[in-house]
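Each remark here refers to the structure printed beneath this line.
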Amino acid sequence: MSDSKKRYWKGIEEYKNDPEYVKYADKEFPEYLPVNGNSSGDGSSRRDFLKLMGFGVAAASLAACEAPVRKAIPYLNKPVDVDPGIPNYYASTYLQGGEYSSIVVKTREGRPIKIEGNNLSTISMGGTSSQVQASVLSLYDKERLRGPMKNGNDVSWEDLDKEVVEKLNAITSAGGQIRIVSNSILSPTTLKVIEDFKAKFSGTEHITYDAFSASGILKANEETFGVRAIPAYDFSKAKTVVSVGADFLGTWISPVEYSAQYSKMRKLNRNKRSMSRHYQFETNLSLTGANADYRSTIKPSEEGLVIAGLYNLIASKADESNVDSSATSVANLESAANELWNSRGSSLMVSGSNDPNVQMLVNGINSMLGNYGTTLDLSRPMQYRKGDDNAMNTFIDSVMSGSVGAVVFYNCNPVYNHGRGAELAGGLSTTELTVSTSDRMDETASLAGYVAPDHHFLESWNDAEPRQDYYSLGQPTISPLFNTRQGQESLLSWTGNGESYFNYLKEYWRNNMYMESEALGFQYFWDKSLQDGVYVKVSDTTEQSTIGSGYDPTSAARSVAANYGKGSGIELMLYQKVAIGDGSQANNPWLQETPDTITKSTWDNYITVSQADATEAGIINFEGKTSMANLTVGGTTVKVPIIIQPGQARGTIGLALGYGRKNAGKVGNNVGVDANPFIGSMNGHSYYAVTSGVSLEVLPEAYQVAQTQTHETYMGRVNVVQEATLEEYKKDPSAGRWNPRISTWINEEHQLAPGEVSLWKGHKYPNHHWGLIVDMNSCTGCSACHVACQAENNIPVVGREEVINRREMHWMRIDRYYGSDANIEDTFQELEIASENPEVTFQPMMCQHCNNASCETVCPVAATTHSTEGLNQMAYNRCIGTRYCANNCPYKVRRFNWFKYHDNDQFPENTAMNNDLGKMVLNPDVTVRSRGVMEKCSFCVQRIQAGKVTAKIEGRRTNDSDITTACASACPTDALVFGDMNDSESRISKILQIKDYEGDGTIEKKVGEERAYTMLEEVGTKPNVFYLTKIRNKDKAPA
Amino acid sequence: MNCHGQITKGTITSTGTAEIEKIYAAIENNQPIEWVRIHNLPDLAYFNHSQHVAVANIECQTCHGEIQEMEVVQQFSILTMGWCIDCHRTTEINSKGNAYYDQLVELHDSPDPMTVEDIGGLECAKCHY
């Protein structure tokens, strides 16, 4: 590694070695920070200080005379299953539009405080996403509606029901049209409710659309196989993955599930020395592209041609006829085709396109490769996306023409997140009856005559069928906070059915899911399903669908050839961010402050441009400081900042959806710009790119995006990322490892590993020795751990301004490094070449819990000390805030409380600590820190202590299932493994191949796994966090 | 009501003794009794009863005094950090029959009994997090 030709950089400013950057790089905080604003000299003097001091002493002695009286108020009737101080866990289901995750909800004294993945689910496999993790805070959002509304005024449920039913009846008897509009509904029982509604009110149609449509895939599968569904993809069986524009690890269809599958093929160990190879062809640098082995940039206008080209390459090998296609030259396309063909039957090709013609060619490719039945399964398809763009367009047209009498918007917000939202908004004013079930006065609900707010999903009964025959139940974990009503119950009551949705749901399960063959009866079946949260119906395996007569690649290719052609102008590619998604949780500050997985920006969306285009336009970025630009698309202009994004295709720009909300709530309103109006249409399907008529005008106006990416740097130490190629790894498992040696006094040749000599005596760990593994090969950088940590440890949100001041409080960060060849000749072109398509590495970084911790040595008050279990402890009440520890930490993982973030109306974004409702989400086991103290990752010591007590009560040692950290439990790819290194049966001991040996008076541990390394080993801190080298499945050595 | 329903001694009113009357009042008014909290620990300290009662088998009276005799509960111990630590320094671990402690007992190489301090019971993050 020491002679590596590779260079890693966190941002363009670091790569350029900009003098401004270098000047501040070794400072924890920039010098230009405003300090108290009293630098003018008229601030408080020493005399004032003494006066205040005098008062302080007097006040303190007066206050000490009497202890405050605290009251203990018990439950009048204690709920049977609630014990103060002891958490309860309930299996439930996360549903947000078509997003699904099977979850376990942790409640304390009846309040949900944390969401974990459900390991029993064969779909989400215990994984979660940042949005799932953050959704518990959305429950306590004070911007939610408190009760039903009529024309913006409060109304009672009785009056609302009466008026709505009267109008529905009147419209029906007049032969009027009624529409129920929703996002994809995964719940079979809810669909039954809608059927009941349709039966009662004859003119009703149910329109489904999705914020990010997959209508093209559904159409293509309908035509090809006669099944209007999304196949069940199985990335865990795919030796070769080729994705054209599908961000399947970040945002595409079911990223948690795909991440879990994908990581299985990426993990390496002694017994498994092979991994999948992943090709990505895309415009913006997505999370998936960042994880790919080979990545090529394409313009949106050539997307169809790339797939047609790939089709022809495969067809030639399969002796099938080629389709018409104008040639397009894209790097790696041919080798992708070769690899797909070589691993046919266990390869997978996916495309993010919403054009059915393109998707038909994709079906053709997978079919020629014989992948159906292995990596794709249509016999039990997925149901995440059901949206029909044509039906939605017809609906909007009919609203505009005034032919629709009533619309019920069932938990959806098309005025905001549909491309034609503005048209729809205009048309709704003439519609006789409009009802919304939104939880807040969002863009659509604020235009609706009646709002019948639904419960939050944590207050609701629900079920889901994410995949055919794979069921999931959702149960309430708290009584409704407000006077809201279950959405399904609203629909039921309008049909005159007064039954509770719970009974309705249970009956539906009795009649449809429960099979008489189950020996123990329905009640047992129901209780078991509810306890597990999931149920898989055993049914006869249905036949794999075969290609039908509707499959016509020739005409699909003809249409592709007509619609695509590499353009010369600027092209806009719209995308979703991993944390914000379609913006439905925009009012959630945890998500707004989660740094974007790639740009590491918070609280904003922006245009991403390539370095080459930026140089041409004279755009310079420096730590988020950038210029604003006017983006004009077909007559609409928005003003938006520009970020230079390495890996962005030349001649293209990217812009994230989900921002610019107007009615999300105080936190989410007017953050960024709304890109939904730019969603276009191709063949009647939503099209998320604009290939012509895009212009960009750079304005002289300066702006700063709150980016975290170059904060906390390692001072140019190059060995933080250690990586190798698969070939190198197969030859030598320790490939890419750097083993620093230090010379000693004994003689000139004598050298030792840095950990072997020390000023310290070492620690004894007789009981436990906690450690964490970070596998950089399976970490996709998705940030679920990041939000889980925030939820578990009461970490405050600081807001945009404070992030710019480098004062973000997150205990863990995910460092994103770009890697490129350092030996390119040092010309003006160098940066452009390096930025064109860099390799990307993600590295979660938290307190390393060093055995020889540099923070512990410098603390003047011993507020940070070492435990006999290997933890680096932080006692907040002992800390006096010298910040010596943070300055001495080589990993930059300590965070200082510059302000009191709780009960402080200067931090309104920090909703979890600044209003009574938001505070219900706080973890009562973790102190809320106050101003002036240092904090950092504790390895979730509260979970360690709880797990130990459980084991002690049961009179046994702890095991892996007792204790894990919030980050490791949230991880969908199992990249983080926490455990006791003293326990030879623990997973961490087995993965690291830990062997004990007698050290100097202590039992030392030897790590046998060749890929494992500790961060900055040469410093000699001996961390308890181990990183496993990044292995890329590339033919050549990394650039 | 639980056990309180059985109380018949003391000044009899329509529903029991004067103190029990408060419970009936609470139920009738749907208003829980506001007890004055005697044993207060600051929020920054985490204390777990089950560790001390279920695992260590410490009697209630060790910390709460003759609580069964107190008509009005009084604070018996001072509950300061020094008090906690003194006890952790001197109390022997109740390790008998608890497999959790086997390894620690084996590694304990001193003629003195193994105290809480010996296995890390004075460390900050045992109570402060």
Side-chain angles (χ1 to χ4, degrees), chain A residues 67-78 83 85-86 764-768 793 862-869 871-878 923-930 933 935 938-946 948-958 982-983 1003, chain B residues 1-2 23 25-57 73 75 81 93-109 114 117-129:
Chain A
V69 174
R70 290 161 87 186
K71 295 284 177 71
I73 303 170
Y75 285 109
L76 194 61
N77 290 304
K78 190 178 88 68
D83 290 305
I86 298 174
K764 287 183 186 174
Y765 301 124
N767 197 3
H768 303 283
N793 291 303
T864 183
T865 53
H866 211 72
S867 89
T868 52
E869 299 177 7
L871 301 178
N872 173 253
Q873 313 170 107
M874 183 69 223
Y876 307 122
N877 260 57
R878 200 158 188 167
N923 184 353
D925 290 340
V926 178
T927 316
V928 173
R929 284 78 61 183
S930 192
V933 301
E935 61 182 73
S938 65
F939 263 179
C940 288
V941 62
Q942 67 279 6
R943 288 174 170 232
I944 295 177
Q945 290 295 89
K948 275 160 58 187
V949 170
T950 311
K952 284 176 190 171
I953 291 171
E954 293 172 15
R956 57 174 174 82
R957 293 295 293 173
T958 58
N982 273 357
D983 174 4
I1003 308 281
Chain B
M1 284 299 286
N2 300 336
I23 302 178
I27 293 168
E28 250 165 53
N29 305 330
N30 198 24
Q31 197 68 45
I33 301 169
E34 292 193 8
W35 296 95
V36 174
R37 210 180 145 135
I38 302 296
H39 297 96
N40 288 310
L41 276 187
D43 284 349
L44 55 103
Y46 177 87
F47 176 84
N48 187 317
H49 267 101
S50 62
Q51 166 71 59
H52 295 86
V53 181
V55 180
N57 242 332
V73 173
Q75 187 172 339
M81 188 166 120
I93 300 278
N94 172 36
S95 58
K96 206 166 273 175
N98 192 333
Y100 179 84
Y101 295 106
D102 288 354
Q103 172 186 336
L104 289 159
V105 172
E106 202 179 304
L107 287 171
H108 183 67
D109 56 350
M114 186 172 80
E117 179 182 16
D118 291 335
I119 60 163
L122 299 192
E123 289 161 7
C124 306
K126 292 283 151 63
C127 312
H128 303 296
Y129 40 79

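Reminder, nothing fancy here: chain letters follow the sequence lines and each chain counts from 1.
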**Q.** Exam field: side chain B:His128 to backbone B:Leu44, donor-acceptor pair closer than 3.5 Å
**A.**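 Side chain of B:His128 to backbone of B:Leu44: a pair is present.
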Q) Should the ring pair A:His768 and B:Tyr100 be called parallel, tilted or perpendicular, given that the plane angle runs from 0 to 90° and is split at 30 and 60? A)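 A:His768 and B:Tyr100: tilted rings.
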Where does [X] contact chain B at under 4.5 Å (heavy atoms): side chain, backbone, both or neither?
X: A:Asn877; result: side chain
X: A:Leu871; result: neither
X: A:Asp925; result: both
X: A:Ser938; result: neither

Report which part of [X] has an atom under 4.5 Å of a heavy atom belonging to chain A: side chain, backbone, both, or neither.
X: B:Gln31; result: backbone
X: B:Leu107; result: side chain
X: B:Glu34; result: both
X: B:Asp102; result: neither
X: B:Asn40; result: both
X: B:Ile119; result: backbone
X: B:Ala26; result: both
X: B:Tyr46; result: side chain

Q: Quick one: closest heavy-atom pair of B:Val55 and B:Asn98, and the distance?
A: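 Result for this residue pair: CG1-ND2, 4.0 Å.
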**Q.** Closest non-hydrogen atom pair, A:Gln873 against A:Thr864
**A.**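 Closest heavy-atom pair between A:Gln873 and A:Thr864: O-OG1, 2.9 Å.
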Q) Any chance the side chains of A:Glu869 and A:Asn982 put a donor and an acceptor closer than 3.5 Å? A)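 Note: A:Glu869 and A:Asn982 side chains miss the donor-acceptor criterion.
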Q) Who passes side-chain contact (heavy atoms from CB on, under 4.5 Å) against A:Arg956, sequence neighbours left out? A)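 A:Thr950, A:Ala951, A:Glu954, A:Asn959, A:Asp962.
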Q.
Is it the case that over 12 heavy atoms from other parts of the model lie below 6.0 angstrom from the CG atom of B:Asp43?
A.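 No, the 6.0 Å shell around CG holds no more than 12 heavy atoms from other groups.
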